[in-house]
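Quick notes on the structure that follows.
Side chains included, hydrogens not; waters and symmetry mates left out as well; all remaining heavy atoms used.
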Amino acid sequence: MSYLRTPAAAKYISVGKSTLERWRTEETGPKFRVLGKKIVVYAVSDLDEWASQQVFAPAAERAAV
């Protein structure tokens with residue numbers, strides 16, 4: 001399994017490092033692991049899974065339902 005630290009993980013999913021950090025504190029972003037007391041890493045597979053779940057229909061499609 002491949003892991004990325006916060007800056008690389010943020011770049012991987014095309015968001016800012018601070019956004020990923022905020023999502024972590026809000027518990028709304030991708031799964032993460034803490035190694036030791038403060039090294040935060042993200043599994044690439046978790047980033048891919050989280051990103052694949054972020055699918056939303058355009059407003060026109062939602063209105064037609």
Q | All salt bridge (Lys or Arg N to Asp or Glu O under 4.0 Å) counterparts of Glu26, not counting sequence neighbours | A |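 Only Arg22 meet the salt bridge (Lys or Arg N to Asp or Glu O under 4.0 Å) criterion with Glu26.
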
(Q) Applying salt bridge (Lys or Arg N to Asp or Glu O under 4.0 Å), can you list everything that pairs with Glu21, at least two apart in sequence or on another chain? (A)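 Expected list: Lys17.
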
With side chains defined as the heavy atoms from C-beta onward, is the minimum distance between [X] and [Y] less than 4.5 Å?
| X | Y | result |
| --- | --- | --- |
| Arg5 | Val40 | no |
| Tyr12 | Asp48 | yes |
| Val44 | Leu4 | yes |
| Val34 | Ile39 | no |

What is the distance from atom [atom1] of [X] to atom [atom2] of [Y], rounded to the nearest 0.5 Å?
| X | Y | atom1 | atom2 | answer |
| --- | --- | --- | --- | --- |
| Trp50 | Trp23 | CH2 | CH2 | 3.5 Å |
| Tyr3 | Asp46 | OH | CG | 8.0 Å |
| Tyr42 | Ile13 | OH | CD1 | 7.5 Å |
| Thr6 | Arg24 | OG1 | CZ | 4.0 Å |

Q: Can you see which heavy atom on Ala10 is nearest to which on Leu20, and at what distance?
A: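 It is N-CD2, 3.5 Å.
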
